[in-house]
Structures are given as C-alpha cells and as structure tokens.
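Working notes, structure below.
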Amino acid sequence: MKFEIHHKDASTRARTGKLFTSHGEIETPVFMPVGTAGTVKAVHQRELSDDLNAQIILGNTYHLYLRPGIDIIRQAGGLHQFMNWQRPILTDSGGYQVFSLSGIRKLTAEGALFSSHIDGSKHLFTPEKIIEIQRTIGADIIMALDECTSFPSDHKAAAKSIELTHHWLERGFAHFQHTEPVYGHEQSLFPIIQGSVYKDLRIRSAGEICTYPADGYAIGGLSVGEPEELMYEMVDVVTGIMPEDKPRYLMGVGTPVNILESVAMGVDMFDCVMPTRNGRNGMLFTSRGIMNMRNNKWKDDFTLLDPDGTCFVDQHYSKAYLRHLIISKEILGAQIASLHNLSFYLWLMKEARKKINEGVFSDWKNKMIKQLSERL
RNA sequence: GGGGAGAUACCAAAGCGGCCAACUGGGGCAGACUGUAAAUCUGCUGGCUGAUGCCUUCGUAGGUUCGAAUCCUGCUCUCCCCA
C-alpha cells in the first residue's frame with residue numbers, strides 16, 4: 001500500500017498525504033467512522049458515501065467473528081460485499097476487546113481466551129487466527145492482535161504487556177506474510193505500539209514495532225483513562241520514532257481537540273466512537289463548541305441545528321426538533337445526531353488538511369481548539 | 001336508595017403506629033461517554049442548608065397516643081356492585 005506525503009507544516013509536525021488502497025485513495029489526516037458490527041450505527045452506507053463522503057470506515061474482528069460469523073462473511077464475498085460498502089475498510093483486531101471485555105477473558109502467551117458477550121461461549125484468539133479472520137473479512141487495512149494495556153498499570157505490568165504484544169506481533173506478522181488475501185485485493189497489516197504512559201516503554205515498543213516492514217504503524221493503549229497531558233506526551237515521543245514515510249494511526253482518539261493536537265504531532269489516521277455514540281446519547285460537536293441536546297434550554301430554540309454545519313441535517317432541522325427526538329428516544333434523533341457529528345469530524349479533518357496545505361495550520365488549530373472546548 | 005372499595009409527592013404505585021421526607025417505575029433536571037458488551041450508564045428530583053440539621057407534607061376537619069401516611073370519628077370527592 002503506497003503512502004505519499006504532500007505537504008509538511010512548517011511550524012508543527014503536521015503533514016498531509018495520500019494513502020492508496022485497492023478500494024480507493026484516502027487523503028490524510030483522516031478520521032475513520034467506527035462501524036463495529038458491519039454498520040456505522042444509525043448511518044446508512046449511502047449517507048456515509050454521498051452525504052458525509054467518508055473515505056474509510058472501521059469494522060471489528062471480534063464482533064463480526066461472533067456475529068454473523070466468519071462463514072457468513074466468506075459466503076457474502078467479504079465485508080465490502082456483505083455491507084455494500086465499496087470504499088476502504090480497516091478492521092480492528094479485537095485487541096481493544098482484550099481491554100474492554102477484561103472481565104470475560106484470559107490472556108496467555110498463546111493468545112486471548114474470550115467468553116462471548118453474546119452467549120458466553122469460549123473462543124481463543126491467537127495472533128495467527130486473528131490474521132485468518134481478517135483475511136476472510138477482507139478489510140484493506142488489518143490490525144495485529146495486541147494487548148491494549150489498561151490504565152492505570154504499573155511500570156512492571158506495562159512492560160510485561162508490551163512483551164506480550166511484541167510476541168504476538170512476531171507470530172501474527174509471520175502468518176500475515178505466509179498467507180494471501182482471500183478476495184484478490186491488497187491487504188496491509190498495521191502493528192500496534194503499546195507502553196502505557198511510560199516514555200521508556202513507549203520508546204522500546206516503538207523501536208521494536210517499527211522494525212517490521214509494515215505499510216503503516218499504530219499507536220494503541222491511549223485515551224483509556226489517562227490524563228490528556230500524558231497521552232500527548234506519549235504521542236509526541238512515539239511519533240518522533242515512527243518512520244516519516246509511513247502513515248501513523250492513533251487508535252481510538254478522540255475528541256476534536258485531541259485529534260487536532262495529535263495532527264500537530266504528525267498523526268495521520270484516527271478513529272473514535274465518540275461522534276456516533278455521544279451523538280446517540282444527545283451530544284453534538286460543533287465548530288463553536290459542545291451542545292447537550294437534552295438540555296432544557298434547547299426546547300424552544302427553533303434556529304438551525306448548526307448554522308455553520310455542512311451536513312444537510314444541519315440546514316434542515318432545528319435544535320428544538322432534535323431535542324424533541326432525542327428526549328423522546330426517537331430513532332431519527334440518533335440518526336440526525338450521528339450524521340451531524342460525523343459530518344463535523346470529517347469537516348474538521350478536511351479543514352485541517354486544507355490549512356496544512358496552505359501553511360496556516362498552527363494558527364488555525366489554536367483558534368479552533370479554543371472554540372471547540374466551549375459548552376453551548 | 002342499599003352495599004363495597006379507595007383518596008400518598010408531577011404521574012403511577014408501595015408503605016398500614018416509631019427505622020418515613022416516605023420503596024419502586026415513569027416523567028423532569030443535570031452529568032458521563034475516546035481502537036462500541038452502550039439508541040447506554042450515573043446522580044438529583046418538598047423547602048432552606050456546604051454538611052449535620054431544621055421546617056412543611058400522605059383528601060379534609062377533629063380525636064386517640066410519648067409518637068400517626070399508618071388507629072378512631074365527621075365531612076368532601078372518586079370508583080365498583082345491586083336497585
């Protein structure tokens with residue numbers, strides 16, 4: 001998978017570039033909407049492409065493996081065909097579920113033993129099996145199985161954790177190289193840097209991970225509860241080590257501010273459930289700040305949802321109407337809020353690319369960050 | 001006309017002598033949410049207070065009692081059955 005860098009910002013480490021996949025090109029920095037179970041929740045594929053112009057979306061190995069099951073995905077001809085999404089897809093490995101489902105799993109050198117959250121059945125995810133499953137799902141970018149170290153973890157535990165992640169990567173990467181794509185199109189495997197909030201571990205992990213000849217590298221184990229300052233410190237340390245000519249993916253991040261700060265440190269790819277999940281829960285991100293649509297103050301505000309918004313919903317519906325839908329738990333409320341938030345995130349990335357290319361990213365970023373933190 | 005049941009906070013509904021400012025739902029208000037076990041979860045919801053605490057509440061007017069939402073009597077209203 002080819003990656004070319006177009007423009008480097010003079011005063012920060014931000015850069016624009018382009019990633020070439022078998023399902024199309026991706027302009028970076030990019031935000032990837034999360035579609036865990038083969039759907040970006042509450043958003044149609046047609047809306048994703050026509051209204052939002054999402055360049056790439058995520059899927060999740062763990063979820064798709066449990067339901068509908070890999071046989072069904074194979075019969076469908078892969079996830080692209082199954083969900084009728086012909087643009088790029090990235091699948092997460094299930095490494096995050098190692099973290100978030102910690103109550104129902106057990107880690108060994110062999111792999112991660114899970115109890116299904118659906119029916120309690122037991123499943124062993126090995127680094128090799130995770131590659132096999134992702135071959136069958138057929139995403140353009142697939143992720144190595146890692147342990148997303150929980151926060152807080154002491155130095156000793158975090159050190160042990162990166163060793164496990166490195167061990168799994170060695171096996172997973174080898175297996176990746178020995179297997180072929182199932183559907184003919186190219187797949188790239190991204191390994192994941194861990195190390196919790198310890199600089200020395202992050203340096204060690206980045207050094208180890210980046211010896212693998214991958215098409216891109218990910219930073220994992222952040223935005224899991226640690227103070228933001230620590231997250232920025234880790235991103236800063238690690239992006240200094242990661243190869244310049246490969247895309248850098250900061251997993252699971254984040255708030256609009258988190259993303260802009262990370263772009264400034266040279267991160268190219270982001271994903272986060274925040275725009276969709278928080279949207280469903282009534283929270284809207286806008287260029288002027290954050291709105292909780294459940295708040296009483298919007299009940300008779302008949303002005304446009306977001307006068308600056310670029311999505312059709314922003315210009316079609318009022319704040320009072322969306323509040324009514326959210327309060328009433330109407331499905332359309334979740335749809336409108338998700339569309340708006342994703343649209344905003346994607347607009348923010350587009351603007352960031354534009355400002356980097358124009359050489360005015362730094363000033364713009366600082367101005368935006370001030371506005372984004374407002375509570376409306 | 002006769003017989004029976006019931007009236008509790010915004011709504012519904014527990015409580016049936018002290019542990020009751022009153023279970024629980026809903027509604028309302030606010031908060032959280034970062035590689036999605038999430039269209040989810042948490043807190044508050046009589047008044048004043050930072051907290052302890054104090055004050056006013058269980059249809060209404062009296063009464064019994066050290067003490068009543070809880071027991072007794074009158075009244076008002078609602079519902080059901082029989083005529």
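Proteins get letters first, then strands, A, B, ... in listed order; numbering begins at 1 in each.
Note: NZ (A/K297) to C1' (B/G31) measures 13 Å, nearest angstrom. One atom, CE of A/M293, and another, C1' of B/C29, lie 16 Å apart when rounded to the nearest Å. Rounded to a whole Å, the CE atom of A/M251 is 4 Å from the C1' atom of B/G35. For the pair A/R277 CZ and B/U34 C1', the computed distance is 8 Å after rounding to whole Å. Taking atom CG of residue A/N281 and atom C1' of nucleotide B/U36, one finds them 11 Å apart after rounding to whole Å. Across the protein-nucleic acid pair, A/L101 atom CG and B/U36 atom P stand 10 Å apart, rounded to whole Å. Protein atom CZ of A/R280 is 13 Å distant from nucleotide atom C1' of B/C41, rounded to whole Å. In this structure, A/M269 places its CE atom 17 Å from C1' of B/U34, rounding to the nearest Å.
Summarising the geometry of A/I104 relative to A/S116, their closest heavy-atom pair is CD1-C, 4.4 Å, with the distance given to 0.1 Å. Smallest separation of non-hydrogen atoms from A/S287 and A/F344: N-CE1, 3.3 Å.
At a threshold of 4.0 angstrom between heavy atoms, the contacts of A/R375 are confined to the sugar-phosphate backbone, with no base atom among them. Here A/G225 lies out of heavy-atom contact (under 4.0 Å) with every strand. Residue contacts shown for A/E226 are absent, as no nucleic acid heavy atom lies under 4.0 Å away. A/I327 comes within 4.0 angstrom of sugar-phosphate atoms only, judged by non-hydrogen atoms across all strands, and of no base. Using a 4.0 Å heavy-atom cutoff across all strands shown, A/N60 reaches sugar-phosphate atoms only and no base atom. In this structure, A/M283 reaches the bases: a heavy-atom distance under 4.0 Å links it to at least one base atom across the strands shown. Using a 4.0 Å heavy-atom distance criterion, A/I326 is classed as making no nucleic acid contact. The residue A/D271 sits close only to the backbone: its heavy atoms come under 4.0 Å of sugar-phosphate atoms, none of a base. Counting non-hydrogen atoms under 4.0 angstrom, A/S116 reaches nothing in the nucleic acid. Counting any heavy atom pair closer than 4.0 Å across all strands shown, A/E228 reaches a base atom.
To the nearest whole angstrom, the two C1' atoms, one in B/U76 and one in B/C23, are 30 Å apart. A gap of 15 Å separates the C1' atoms of B/A21 and B/U70, to the nearest Å. Comparing the same atom, P, in B/G17 and in B/A68 gives a spacing of 14 Å after rounding to whole Å. Between B/G3 and B/U56, the distance separating the two P atoms is 41 Å to the nearest Å.
With a 3.5 Å ceiling on both atom-pair distances, the Watson-Crick or G-U wobble partner of B/A12 is B/U24. In this structure, B/U56 makes no Watson-Crick or G-U wobble pair, since no nucleotide meets both defining distances under 3.5 angstrom. As the counterpart of B/G1, B/C82 is assigned, both hydrogen-bonding distances of the Watson-Crick or G-U wobble pattern falling under 3.5 Å. In this entry B/A37 has no Watson-Crick or G-U wobble partner, no candidate having both defining distances under 3.5 Å.
Phosphate proximity of B/A30 to A/N296: absent, as no side-chain N or O sits under 4.0 Å from OP1 or OP2. An OP1 or OP2 oxygen of B/G31 is reached within less than 4.0 angstrom by a side-chain nitrogen or oxygen of A/N295. Within the structure, a side-chain polar atom (N or O) of A/N292 is placed less than 4.0 Å from OP1 or OP2 of B/G31. A/S93 has no side-chain polar atom (N or O) that falls below the 4.0 Å cut-off from OP1 or OP2 of B/G35. A sub-4.0 Å separation between OP1 or OP2 of B/G35 and a side-chain N or O of A/Q97 is absent. Between A/T36 and the phosphate of B/U36, there is a side-chain N or O to OP1/OP2 separation shorter than 4.0 Å.
For A/I331, whose side chain is taken as the heavy atoms from C-beta onward, the closest listed nucleotide among B/G35, B/A30, B/A39 is B/A39. Relative to the side chain of A/C148, the nucleotides B/U34, B/G31, B/G35 differ in distance, and B/G35 lies closest. Distances were taken from every side-chain heavy atom of A/R294 (C-beta onward) to each of B/A37, B/U36, B/A32; the shortest belongs to B/A32. In the set B/C33, B/U36, B/U34, the nucleotide with an atom closest to the side chain of A/N278 is B/C33.
A donor-acceptor contact under 3.5 Å links the side chain of A/T276 to the base of B/U36.
Where A/N258 and A/K329 meet RNA chain B, the nucleotide closest to each residue was compared, and A/N258 sits on the side nearer the 5' end. Toward the 5′ end of RNA chain B lies the nearest nucleotide of A/R323, the other residue of the pair A/R323 and A/M143 mapping further downstream.
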Go through A/Y345 and A/F270 one step at a time and tell me if the ring pair (Phe, Tyr, Trp, His ring centres under 6.0 Å) criterion holds.
CA-CA 10 Å; A/Y345 265 65; A/F270 301 89; 9.6 Å; no
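Under the 6.0 Å cut-off for aromatic ring centres, A/Y96 and A/F99 qualify, their centroids lying closer than that. If you look at A/Y183 and A/H80, their ring centroids are not closer than 6.0 Å.
Exactly one of A/D92, A/T91, A/T179 qualifies for a side-chain hydrogen bond (donor to acceptor under 3.5 Å, both in side chains) with A/Q134. That residue is A/T91.
A donor-acceptor contact closer than 3.5 angstrom is absent between the side chains of A/H316 and A/Y321.
In this structure, A/E163 pairs ionically with A/R204, as a charged nitrogen and a carboxylate oxygen lie closer than 4.0 Å.
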